[in-house]
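Here's the structure we're looking at; comments come further down.
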Amino acid sequence: MVHNWLLYIAAFASAFAISMVMTPFAKKLSEKLGAIDYPKARGMHNKPMPRLGGIAIVMGFMITVLVLYRYVSDINIKHFIGFIAGAVVIVCVGIVDDCKNLPAKVKLLFQIIAALLVIASGIRINVVMWPVTYYLQKLSGPITLIWIIGVTNAVNLIDGLDGLAAGVSSIASLCLMVLCILTGTESAVMLTAALAGSCLGFLPRNFNPAEIFMGDTGATFLGYVLAVTSIIGVFKGYAILALIVCLLSLGLPIFDTLCAMLRRLITHQPIMQADRGHLHHKLIDNGYTQKQAVLILYGISVLLAALAIFIAIQDSRVLAVVVLAVIVLSLVIFIFNNKNKAKRAE
């Protein structure tokens, strides 16, 4: 397949520029609507922060894809409408939640509605090449529903440090973009390029010390788009390897979410109740600064993304790079850990 590289570059650049320009507007809108995140026990900031920054990410992405979709050669209009409709539901609920703090069950209900709109449009996880196909094929709809809701909430749960969710989502979307280029899915490449651009355009004002938070509007939107684009571009391209590749490309938020669910089950807490036991909290509690913790988690995300690409292309050189990066990252963490221990001892 001949790729439309100009389209991909335009999608990334347009989303980046719009998101960057819209971030100050989102900050003013947050203050006007009273969407302010006040300091709390499990939080990491000590002053009120505007939290409708996700509007900038959404605008960067939505304006870009609504303008450029007509130039995509393999676009499926029914799929595209279902995807956009679900995104609108996610964004509207996110805005209301950032202003009014909706109950978790209400948010979950609307996430199910958004996922069902996607499934109704024909976007489903392809399990034709999986083992025990006859039985799994009947569960294609429920599997897709669980995947979309799971990834949507996984990204939301890691949004606990300045720049963490935006940075990790950027890495994940770039990884998915590469995988979609390999599968030749032009529509998914355009969507992931736009998502990466909108995240990176927002990141400068969200990185520590942050001026604005993305809130549930941004975090759930990022999770939703990552979930759906992985179905469109990756699950349909790698057959049995698709699940492994997708789990690795979105590895950090998925792993953190599974650990959070297991932890809450063991301690008999409600699964959807927020706590201060996530991986980024553990790093902070061990003496790392916000920037150090975020950079460590960025590094882990990059390694998982590289491993996903290695599995997809089966290139031993990539494996060598990943192993080397693991060694370097381990040394960096070891050095920082020793320095932090020394400071605490003093």
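In this chain, residues are counted from 1 in sequence order. These numbers come from the heavy atoms of this one structure, side chains and all, not from hydrogens, waters or symmetry mates. Keep in mind that this is a model prediction, so the values were computed, not measured.
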Above 12 or not: heavy atoms from other molecules or residues under 6.0 Å from CZ of Phe207? yes
What is the ring orientation for Trp5 with Tyr8, classed by angle as parallel under 30°, tilted 30 to 60°, or perpendicular over 60°? perpendicular
Within a reach of under 6.0 Å around CE of Met20, are more than 12 heavy atoms found that belong to other residues, nucleotides or ligands? yes
Got Asp162 and Lys291 here, is their nearest side-chain heavy-atom distance under 4.5 Å? no
Tell me which pairs pass ring-ring contact (aromatic ring centres under 6.0 Å, His included) where either residue lies in residues 139-197, with sequence neighbours left out. Trp147-Phe235
Verify the neighbour count for atom CG of Leu6: are there more than 12 heavy atoms of other residues, nucleotides or ligands below 6.0 Å? no
Side-chain heavy-atom pair Asn153, Ile149 within 4.5 angstrom cut-off: yes
Using modelled atom types and a 3.5 Å cut-off, is there a donor and acceptor pairing between side-chain atoms of Asn76 and backbone atoms of Lys78? yes
Closest non-hydrogen atom pair between Ala172 and Leu250, with its separation: CB-CD2, 3.7 Å
Trace of the side chain to side chain donor-acceptor pair (under 3.5 Å) decision for Thr152 with Gln111: CA-CA 8 Å; Thr152 297; Gln111 288 171 8; 5.8 Å; no
What's the separation between atom NE2 in His3 and atom OG1 in Thr185, rounded to the nearest 0.5 Å? 8.5 Å
Passing option when Val72 is tested against Asn4, Leu7, Leu191 for side-chain contact (heavy atoms from CB on, under 4.5 Å): Leu7
Residue pair Ala219 / Met214: nearest heavy atoms and the distance that separates them: N-SD, 3.5 Å
So OG of Ser187 and CD1 of Ile75: to nearest 0.5 Å the spacing works out to 5.0 Å
Would you find a donor on one side and an acceptor on the other, under 3.5 Å apart, between the side chain of Asp98 and the backbone of Asp216? yes
Look at atom CZ of Phe110 and say whether more than 12 heavy atoms of other residues, nucleotides or ligands are closer to it than 6.0 Å. no
Do you see a donor-acceptor pair shorter than 3.5 Å between the side chains of Thr220 and Asn156? no
Determine the minimum heavy-atom distance between Pro253 and Val155, stating which atoms define it. CB-N, 4.1 Å
Phe221: partners by ring pair (Phe, Tyr, Trp, His ring centres under 6.0 Å), with sequence neighbours left out: Phe61
Ile212 and Met49 have their tightest heavy-atom pair at N-CE, 3.7 Å
Hey, what do you get for OH (Tyr38) to NZ (Lys47), rounding to the nearest 0.5 Å? 14.0 Å
Rounded to the nearest 0.5 Å, how far does CG of Asn206 lie from CG of Leu164? 9.5 Å
Could you report the tightest heavy-atom contact between Leu222 and Ser169, atom names first, then the distance? CD1-OG, 3.5 Å
Side-chain donor/acceptor pairs under 3.5 Å, residues 23-33, sequence neighbours excluded:
residue	atom	partner	partner atom	Å
Thr23	OG1	Ser19	O	2.7
Ser30	OG	Ala26	O	2.8
Ser30	OG	Leu52	N	2.9

